[in-house]
2 protein chains.
Amino acid sequence: MADKQESKRGPEVKPRNWLVPVILLTLREWNSYGYELMERATAFGFEAMNPGTLYRTLRQMEKEGIVESTWETSKGGPARRMYTITDAGEAYLDFWAKALEQYQRNMDTFFKLYTGRSLRPEENDNKEE
Amino acid sequence: MADKQESKRGPEVKPRNWLVPVILLTLREWNSYGYELMERATAFGFEAMNPGTLYRTLRQMEKEGIVESTWETSKGGPARRMYTITDAGEAYLDFWAKALEQYQRNMDTFFKLYTGRSLRPEENDNKEE
DNA sequence: CGTGTCTATGTGTAGAATGCACATACGATG
DNA sequence: CATCGTATGTGCATTCTACACATAGACACG
């Protein structure tokens, strides 16, 4: 029963594009760059963020116009691509917040049904509405 | 800025595999079949479920051993593939519930930062660690 | 100088999830 | 028999993302 699939190790729950709002939220408070955002994301709920995904996401976000970047070479070490949130980005973040609220309500519904098993007075395995 | 991308119409928030726990939760209460589960899912928070995704998901779930199916031809109309949750399925649902709780906490963090902008005493757009 | 380490940014590729369009088939009704 | 509502499914393309690997600057150390 369920061997090669992921049913054993536990499900993947992260919503799609979850990285996007986390990045936007961070950039709304301070400008940042990939390497730092990785730690931030990790602290947030992603265990083991991998660089590839993060950097690609940032590039995509810039292509969409919700963030902008410039090279910063002043500090020691390799150059950093510093990111800034745009107006469109802030608006997009608001969209995300609304969508996440909706999603939170769905989760509430889920948990009500999950925890309170006997919300419906049916028998066991038949249903008539 | 952000034209061909989805930044305009709003983000896609549904978590991955969200259909799976919804189906399991429903089947825990009564046996059901694809067509009916589609309506259930729609009522739950998916607008415009498309049949393809749902039926494919059900097949996959059966392959993983978390549901089982038998043909039901007794009722009028086309035959229905009736699904039943297995023991592994119930266990898997519990996994999901735990994962969703964790995820709910992450969302709380997100909203705290989103709503309460001034949790951090930084200036506006620079940060040094 | 050469070698290694930490910081920092990327690419290549493959697999999974999912939306959209389309196909099939049964039963009832006119 | 044509058509509608129910019911299940496939093909194809896109998107997301995990994993592995590549590149490169700065700095320390012998």
Side-chain angles (χ1 to χ4, degrees), chain A residues 2 4-7 9-23 31-42 45-64 67 69-83 96 129, chain B residues 4-7 9-23 31-42 45-64 67 69-83 96 128-129:
Chain A
K4 59 214 288 213
Q5 250 58 30
E6 41 98 75
S7 310
R9 303 184 298 283
E12 199 56 64
V13 187
K14 292 194 284 280
R16 303 154 89 79
N17 303 309
W18 180 229
L19 249 189
V20 174
V22 169
I23 291 171
N31 296 342
S32 187
Y33 55 98
Y35 199 83
E36 189 184 52
L37 285 165
M38 240 174 69
E39 297 165 1
R40 168 82 164 174
T42 302
F46 296 90
E47 336 84 68
M49 261 311 305
N50 75 83
T53 302
L54 182 89
Y55 288 114
R56 233 188 301 260
T57 302
L58 283 169
R59 291 299 199 85
Q60 179 64 20
M61 289 170 70
E62 182 159 29
K63 221 170 73 185
E64 293 176 22
V67 298
S69 74
T70 54
W71 282 104
E72 178 184 286
T73 48
S74 53
K75 310 284 173 47
R80 302 167 171 175
R81 191 186 280 275
M82 288 295 293
Y83 282 93
W96 258 94
E129 62 264 18
Chain B
K4 57 212 289 215
Q5 250 58 29
E6 42 98 75
S7 310
R9 303 182 301 281
E12 199 59 61
V13 186
K14 291 193 283 282
R16 304 240 268 299
N17 303 310
W18 179 229
L19 248 188
V20 175
V22 169
I23 291 171
N31 296 342
S32 188
Y33 54 99
Y35 198 84
E36 189 185 53
L37 285 165
M38 240 174 71
E39 297 164 2
R40 168 81 166 177
T42 303
F46 297 92
E47 335 83 69
M49 261 311 304
N50 75 82
T53 303
L54 182 89
Y55 288 113
R56 236 189 300 260
T57 302
L58 283 169
R59 290 301 200 85
Q60 179 64 21
M61 290 170 69
E62 183 160 25
K63 221 170 75 186
E64 293 177 22
V67 297
S69 73
T70 52
W71 283 104
E72 178 185 283
T73 48
S74 54
K75 309 283 170 51
R80 302 167 171 173
R81 191 186 280 275
M82 290 296 294
Y83 282 93
W96 258 96
E128 48 277 333
E129 63 273 13

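Every chain is numbered from 1 and lettered A, B, ... according to where its sequence line falls, protein lines coming before strand lines. What you are looking at is a predicted structure, and each value in this text was computed from that prediction instead of being measured.
- Taking atom CD of A/E72 as the reference point, atom P of D/dG25 lies 17 Å away to the nearest angstrom.
- In terms of heavy-atom proximity, A/L37 sits nearest to A/S32 at CG-OG, 3.7 Å.
- Here D/dT8 presents its P atom at 9 Å from CG of B/L54, a figure rounded to the nearest Å.
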Run the side chain to side chain contact (heavy atoms under 4.5 Å, CB included) test on A/Y83 and A/E62 for me, step by step, so that the C-alpha distance in whole Å, both residues' side-chain angles and the decisive distance to 0.1 Å come before the verdict.
CA-CA 9 Å; A/Y83 282 93; A/E62 182 159 29; 3.9 Å; yes

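- One atom, CZ of B/R16, and another, P of D/dC16, lie 11 Å apart when rounded to the nearest Å.
- Look at NZ on A/K75: it is 18 Å from C1' on D/dC27, rounded to the nearest Å.
- Rounded to an integer number of Å, the gap from CG of B/N17 to P of D/dC16 is 16 Å.
- Here the P atom of nucleotide C/dA17 and the CH2 atom of B/W18 are 16 Å apart, to the nearest Å.
- Atom CZ of B/R40 and atom P of D/dA7 are 17 Å apart (whole Å).
- In this structure, A/A41 and A/L19 approach most closely via the heavy-atom pair CB-CD2, 4.1 Å.
- Just one residue in the list B/V67, B/V22, B/V20 forms a side-chain contact (heavy atoms from CB on, under 4.5 Å) with B/T57, and that residue is B/V20.
- One can place CE of A/M61 at 12 Å from P of D/dC16, the figure rounded to the nearest angstrom.
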Requested in this report: For the pair A/K63 and A/Q60, evaluate side chain to side chain contact (heavy atoms under 4.5 Å, CB included) and give the outcome as yes or no after the intermediate values.
Outcome: CA-CA 5 Å; A/K63 221 170 73 185; A/Q60 179 64 20; 3.7 Å; yes

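- Remark on DNA chain D: of its neighbouring residues A/L19 and A/T73, the 5'-side contact belongs to A/L19, judged by nearest-heavy-atom nucleotide.
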Item to complete: Any chance you could lay out the side chain to side chain contact (heavy atoms under 4.5 Å, CB included) test for B/Y33 and B/M82, step after step, and finish with the verdict?
Response: CA-CA 5 Å; B/Y33 54 99; B/M82 290 296 294; 3.6 Å; yes

In 5'-to-3' order, the base (B), backbone-only (S) or no-contact (-) status of each nucleotide in nucleotides 5-14 of chain C, using a 4.0 angstrom heavy-atom cut-off, is --BBBBBBB-

